[in-house]
Amino acid sequence: MTGRMLVAGVGNIFLGDDGFGVAVASRLAGADLPSWVQVADYGISGMHLAYDLADGYETAILVDTAQRGEAPGTLTVIEEGRRGRLGQHGAARAASCDSTVAGGPAEPAGAFAQTRMFDAHGMQPDVVLGVLDMLGASSARVLVVGCEPASLDYGMELSEPVAKAVDAAVQIVMDLIAESADKTASSAEE
């Protein structure tokens with residue numbers, strides 16, 4: 001049996017591209033997913049997310065915007081680093097809205113601490129993970145699927161490059177779900 005997985009769309013729908021995670025969660029909510037995967041729109045409810053994560057998920061995928069200096073619509077998968085810090089591990093996975101894929105060097109833990117995710121809407125992953133530590137709980141694995149925003153100004157529409165990246169992000173999340181299922185199947189065979 002595969003452990004439970006939470007896919008959390010986060011962001012503020014009133015700040016343009018910051019609604020990216022919510023848009024991805026909305027699209028995934030209608031997808032045919034395994035019974036062990038839960039998709040939820042957390043918006044800006046970081047405390048709610050922390051308490052849900054404390055409920056014993058093996059893996060959590062947070063979907064949000066991330067200013068990293070890339071072209072708008074670029075997607076990056078980042079795995080939680082040690083001690084609750086977020087850093088990129090192993091081969092970086094990045095995809096722009098035209099679905100090109102590029103690898104990149106590993107970044108130091110805490111690299112995300114300087115991105116928009118940590119100041120826009122009170123949904124800072126390091127704070128959420130810190131609350132998890134305070135609760136004495138943790139997910140075994142935390143991934144962030146981040147999208148480079150074009151605009152975080154007031155407004156309820158995603159910019160064109162970020163809107164185009166939603167489908168690619170949905171596919172990345174689906175691939176991560178499939179990888180988790182494959183790893184579990186391989187472990188069971190050993």
Side-chain angles (χ1 to χ4, degrees), residues 5-31 33 37-50 52-53 57 59-80 86-88 92-102 104 107 111-129 139 141-177:
M5 177 183 285
L6 177 64
V7 178
V10 298
N12 188 334
I13 63 169
F14 298 109
L15 293 178
D17 289 341
D18 200 37
F20 169 77
V22 173
V24 172
S26 176
R27 187 83 48 90
L28 285 166
L33 298 172
V37 176
Q38 177 185 345
V39 176
D41 166 7
Y42 285 88
I44 57 173
S45 302
M47 191 62 71
H48 182 195
L49 174 58
D52 282 356
L53 287 173
Y57 288 94
T59 304
I61 301 172
L62 310 181
V63 185
D64 196 4
T65 57
Q67 284 186 322
R68 300 172 53 79
E70 303 290 336
T74 300
L75 299 171
T76 307
V77 176
I78 300 166
E79 185 164 355
E80 173 199 3
L86 294 174
Q88 200 161 351
R93 198 188 315 191
S96 67
C97 60
D98 64 3
S99 298
T100 58
V101 176
E107 295 187 21
F112 241 21
Q114 299 171 8
T115 70
R116 179 72 175 180
M117 280 181 57
F118 288 83
D119 66 8
H121 49 71
M123 191 60 209
Q124 301 91 341
D126 63 337
V127 173
V128 171
L129 296 173
S139 289
R141 183 176 188 211
V142 177
L143 301 166
V144 177
V145 176
C147 181
E148 183 73 36
S151 173
L152 296 170
D153 292 332
Y154 292 110
M156 293 183 64
E157 299 290 323
L158 297 177
S159 66
E160 184 178 345
V162 172
K164 287 181 179 178
V166 169
D167 286 336
V170 167
Q171 187 58 55
I172 288 172
V173 172
M174 297 293 280
D175 291 346
L176 292 169
I177 292 168

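All residue numbers in this chain count up from 1 along the given sequence.
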S.K.: So do the side chains of V7 and V37 get within less than 4.5 Å of each other, counting heavy atoms only?
M.R.: yes
S.K.: Among all residues two or more places apart in sequence or in another chain, which pass the side-chain contact (heavy atoms from CB on, under 4.5 Å) test with A150?
M.R.: D17, P72, S159, P161
S.K.: Report yes if some heavy atom in the side chain of I13 is under 4.5 Å from a heavy atom in the side chain of D18; otherwise report no.
M.R.: no
S.K.: Give a yes-or-no answer on whether the side chains of D52 and Y57 include a donor-acceptor pair shorter than 3.5 Å.
M.R.: no
S.K.: Please step through side-chain contact (heavy atoms from CB on, under 4.5 Å) for the pair I177 and M5, ending with a clear verdict.
M.R.: CA-CA 8 Å; I177 292 168; M5 177 183 285; 3.5 Å; yes
S.K.: For a 4.5 angstrom cut-off between non-hydrogen side-chain atoms, does Y154 reach N12?
M.R.: no
S.K.: Rounded at 0.5 Å granularity, tell me how far OG1 in T59 sits from CG in L176.
M.R.: 9.5 Å
S.K.: Heavy atoms only: give me the nearest V39-A29 pair and the separation to one decimal.
M.R.: CG1-N, 4.2 Å
S.K.: Measure the spacing between CG of L62 and CD1 of I78 and express it to the nearest 0.5 Å.
M.R.: 10.5 Å
S.K.: Any non-hydrogen side-chain atom of L6 less than 4.5 Å from a side-chain atom of L49?
M.R.: yes
S.K.: Would a 4.5 Å heavy-atom cut-off, applied to side chains only, mark L158 and V166 as touching?
M.R.: yes
S.K.: Are the side chains of V145 and I61 in touch, meaning some heavy atoms are under 4.5 Å apart?
M.R.: yes
S.K.: Mind listing the closest non-hydrogen atom pair of Q67 and P149 along with its distance?
M.R.: CG-CG, 3.6 Å
S.K.: Scan side-chain atoms only and decide if D175 and Q171 contain a donor-acceptor pair under the 3.5 Å cut-off.
M.R.: yes
S.K.: A side-chain contact here means heavy atoms from C-beta on lying under 4.5 Å apart; do V63 and V173 qualify?
M.R.: yes
S.K.: side-chain contact (heavy atoms from CB on, under 4.5 Å) for F20 and L75? Distances and angles first, verdict last.
M.R.: CA-CA 11 Å; F20 169 77; L75 299 171; 3.6 Å; yes
S.K.: Which atoms form the tightest heavy-atom contact between G73 and A165, and what is the distance?
M.R.: O-CB, 3.4 Å
S.K.: Determine the minimum heavy-atom distance between D64 and G11, stating which atoms define it.
M.R.: OD1-CA, 4.2 Å
S.K.: Taking all atoms of both residues into account, what is the closest heavy-atom pair of Y42 and V10, and its distance?
M.R.: CB-CG1, 4.0 Å
S.K.: Atom OG1 of T76 and atom CD of E70: how far apart are they, to the nearest 0.5 Å?
M.R.: 6.0 Å
S.K.: Under a 4.5 Å cut-off applied to non-hydrogen side-chain atoms, are T65 and E148 in contact?
M.R.: no
S.K.: Test side-chain contact (heavy atoms from CB on, under 4.5 Å) on L33 and M174 and set out the steps.
M.R.: CA-CA 8 Å; L33 298 172; M174 297 293 280; 3.3 Å; yes
